[in-house]
Structure formats: structure tokens, C-alpha cells
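A quick write-up on the structure given underneath.
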Amino acid sequence: MSGPAPSPSSDSRRLPGLWSTLGWALKPGRAGGGLSRSQLARRVVTGNLLHARALHRWMAIVYEFSQRGLVKDVQGEYLRAVRPSVHRYTDMGERVKQLIDHADWVDTAFKPAAMEKLASGQPVVLAELPAPRGFDAVRLQLRRNSMQSPEGDLLLALTLQRASDIQHKAQPVDAAVVAFSRFRVDGTGSLVIGGVRGQRSATQRLSGVELGQALAGWQPSVLLVRVMQELARAWDQQLLGLHPQAHWLLGWPYRMNKRHRENAERIAASYDKLWEHFDADPGPTGWVVLPSHSDEAISATALSPEKRERQSRRADYWIRLQKQLRKQMPEVLQRPGRETQLTRNTQQVTEQAPMLDDWKDFPEEDERAAFNKRVMQTGPLNLFDIK
């Protein structure tokens, strides 16, 4: 159940007491994200004793957002701050700073209507492509992540829905999802990818053949990282990914659990392949730096006619998708007018904040000619199908 929103007359900057927050942690439904309720309660105690000042600042933002109707579960937002980060070298104090930085930024990164959608749990559509045969919808969308998730506060999802004549009462299926946040790393504003996964539903899965036909051969996770590159350029941020060895499941005490350890090894192997595919460079501790755009490394002339045809279809698909993104993103996104500051709670959206309406920072080029010279190699279709 959502925590009650404070009235405007209440002291919205007061940090809840230890006994109150312990009660929040022990409520049914609060477990998740790798933590039991008792483990969450222990972290609440640690937060109250060692990080009260940082939590005080976080709750000031939470209460402000609650009064504006952007936060529905005050108690859950407090518990979000005491949960561990997916980055195992991030302590609670640093985790709270990252949450503050993200909240400060996200309040100015979306147009008001899009921000209201995110706050209400609705997705914000970035691009909707013509549905191929057998599908009613193929779309890219942003939405808020679960408060229990340690991987990031926003989700970029590639969602497909089978046609009604193919499947009765077909539901949208996430072919792949990227979890990310925005905060500063070593002083540089960054979109930080904390998680990449494939399909999770056991009953609403799409086959590899269906995905290959619907996406012109693109591997869903690879395609989403390409879209993240577009978002990073639009918001003028560097793009970072979690280093496989920095995943929280490899830290103590989680690695003592066999199931956690096996999951961590599978995730690490997938991330290694993904970051290698994008020629990621070593970054700050626990992160890799992804390029702002991908250089296509394989010459089309070196491929057989069949492979050239497949690569050409992938190139055409990306060009169409990129044009859709650059048309739709200025309608829902905006670039904050200045770097966010942790000394203040949130920035207010102003009419003077520069928008992404003209895309002046995207050089005009003949994408099709570029693809004809050097063509993207997308990798195996079943890559990163993490369950």
C-alpha cells in the first residue's frame, strides 16, 4: 500500500524516525530486489545511523515530488534509497547521492506531459514502427522501473504485440529491456546502464524466428543499446555500462549463495559479449565507457550476396527507426538548461531550457551511403536472453 502523502502544512523535510522506517521495511510486499524484509530492515538501521544527512536530503525531494503528484509511495521511495545499488562498490551514501542527482535531472529532462505519464506509471513512447506481418505493434518506450530494482530508475523497452489473428487476446511482450539512471560519475553527467535483459515471461515469449522477422535481423539487446546511444547524444551525456565484475551478486554475502553466484556468472558472460560488441573502453571503477555512436566495422563488399542483403535490411531498419526517434524525441524530451546541482532539491522546468527541436548537434549525413560502405554486424540473435 502506498504511504500517505504529507499535507502541505506538515514538516516535509523531517526524516522519518527509526521505528517508523523499520515498520515500512517489514510490511508485506516490501521484499524484492534480492533482499528479504529482514535484510531490508537491517539496511534501514544502517541508513539511520550512518547516512541520516543524505537520507534527509533525499526525503526532502520525495516529499516535494509527492506534493506535486509525482510520487505516490513515499515509504517505498525511502526504502529505494536504502536498497543496494547494482554496482557493488557503491555504498549507501553514494547511492543516495545518485538518486538525488537522478531526481534533480529527470525533473527537467522530460516535457511536462511525458513527466506526468512516467509518474503515473504509464509508458512514454519514443518510436512506433509499422508493424510487420503477424504483429499489431512494435514500439520503443520509456517507463519507470520497480522501486525494488537495483539496476536503474528508468526502463527503455522494446515492446512487440502479436496480431489478434495470430494469438487471441495477445498481450504486449518486452523483447528486451535496458535499465538505466542518470547521475554524475567522476563529475561527468552520464546515462548509466545497470541492467540489460531479454524476455522473462514463460508464457508470452516470442521465438527467435519471430524476432528476426519483426526486427529485420537485429538482436533486441543490441538494438536497445544503439537507441541508448541516441538518447545519450540527445541529452548530451556520456554513456556508461556496468562492468560485469562489479555486479552486486558477485559481492559479499550474495556470492555465498549458489543460485546468486550462477546468475552472476551468466549475467557477466552476457555483459562481456555485449560490451565487446560495442568496443567499450574501461571507465571509472566498475564501469565501461560506450561510444556515442557505433562504427560499422565490416565492409559490405567482403560479404556474400546473401549476407549483404541481410545487412542491407538491418541498415534500412535502423535508418527508419532513427528517423522515427529524431522526430518523436523532441516531443517528449528536453535538455536541462544547466548542470544539475546537488545543493538544491530539484530544478524547475523553464521556458528558457533549450529544447531538442532542431537537432543541430546531429550532423546531417547520408546514413544509407555510410551503411553501404561499412555495415553493422549485429551478433547472434539469442545473445543476452537473460531470464
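Everything quoted here is computed from the prediction, not taken from an experiment.
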Salt bridge present between [X] and [Y] (N-O < 4.0 angstrom):
X    : Y    : value
E276 : K273 : no
E64  : R68  : yes
D73  : R30  : yes
R226 : E230 : no
R197 : E151 : no

Which atom pair, heavy atoms only, marks the closest approach of [X] to [Y]?
X    : Y    : value
W248 : R88  : CA-CB, 3.7 Å
N48  : P16  : OD1-O, 3.9 Å
A170 : Q161 : O-NE2, 3.3 Å
R143 : A157 : NH1-CB, 3.5 Å
L325 : A127 : CD2-CB, 4.0 Å
S85  : R95  : CB-CD, 4.1 Å

With the side chain counted from C-beta on, respond yes when [X] and [Y] share a heavy-atom pair under 4.5 Å apart, and no when they do not.
X    : Y    : answer
V96  : H51  : no
W58  : E77  : yes
Q204 : Q167 : yes
D107 : F65  : yes
Q238 : D186 : no
L70  : M115 : yes
R233 : S292 : yes
L321 : L140 : yes

How long is the gap from [atom1] on [X] to [atom2] on [Y], to the nearest 0.5 Å?
X    : Y    : atom1 : atom2 : result
L333 : L142 : CG    : CG    : 7.0 Å
R314 : D316 : CZ    : CG    : 11.5 Å
L35  : L79  : CG    : CG    : 10.0 Å
D101 : E94  : CG    : CD    : 9.5 Å
H277 : Q219 : NE2   : CD    : 8.5 Å
L55  : T21  : CG    : OG1   : 9.0 Å

(request) Could you walk me through whether L40 and W24 pass the side chain to side chain contact (heavy atoms under 4.5 Å, CB included) test, one step at a time? (result) CA-CA 10 Å; L40 187 58; W24 297 352; over 6 Å; no
Does one hydrophobic cluster hold both [X] and [Y], with members joined at side-chain heavy-atom distances below 4.5 Å?
X    : Y    : answer
L274 : L155 : no
V124 : V177 : no
F183 : Y89  : no
L22  : V62  : yes
Y78  : M147 : no

(request) For S38 and S36, run side-chain hydrogen bond (donor to acceptor under 3.5 Å, both in side chains): C-alpha distance rounded to whole Å, both residues' side-chain angles, the deciding distance at 0.1 Å, then the answer. (result) CA-CA 5 Å; S38 61; S36 66; 3.0 Å; yes
Set of side chain to side chain contact (heavy atoms under 4.5 Å, CB included) partners for [X], sequence neighbours left out:
X    : value
D153 : R80, L99, H102, S181
A163 : D136, D165, I166
R139 : V125, E128, A137, Q141, T159

(request) Could you walk me through whether V173 and Q199 pass the side chain to side chain contact (heavy atoms under 4.5 Å, CB included) test, one step at a time? (result) CA-CA 8 Å; V173 177; Q199 302 178 73; 3.6 Å; yes
Which pairs would a plain distance check flag for residues 280-290, meaning a side-chain donor or acceptor within less than 3.5 Å of a matching protein atom at least two apart in sequence or in another chain?
none

Is a donor on one side and an acceptor on the other found under 3.5 Å between the side chain of [X] and the backbone of [Y]?
X    : Y    : answer
R320 : L129 : no
K111 : P330 : yes
W218 : L224 : no
R313 : A216 : no
Y63  : V74  : no
Q334 : T108 : yes

(message) Could you walk me through whether V178 and V196 satisfy the side chain to side chain contact (heavy atoms under 4.5 Å, CB included) test, starting with their C-alpha distance in whole Å, then the side-chain angles of each, then the deciding distance to 0.1 Å, before giving a yes or no?
(response) CA-CA 5 Å; V178 169; V196 183; 4.3 Å; yes
(request) For H87, check side chain to side chain donor-acceptor pair (under 3.5 Å) against everything at least two apart and list the hits. (result)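 Applying side chain to side chain donor-acceptor pair (under 3.5 Å) to H87 gives T90.
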(request) Taking side chain to side chain donor-acceptor pair (under 3.5 Å) as the test, write out the residues that go with Q245, two or more places apart. (result) none
(message) Taking atom CZ as the centre, does R261 end up with more than 12 heavy-atom neighbours from other residues, nucleotides or ligands that are less than 6.0 angstrom away?
(response) yes
(request) Mind running side chain to side chain contact (heavy atoms under 4.5 Å, CB included) on M92 and L50 for me, showing each step along the way? (result) CA-CA 9 Å; M92 189 180 298; L50 301 180; over 6 Å; no
(request) Tell me whether the guanidinium CZ or amine NZ of R182 lies under 6.0 angstrom from the six-membered ring centre of W235 and within 45° of its axis. (result)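 The answer is no, since R182 fails at least one limit relative to W235.
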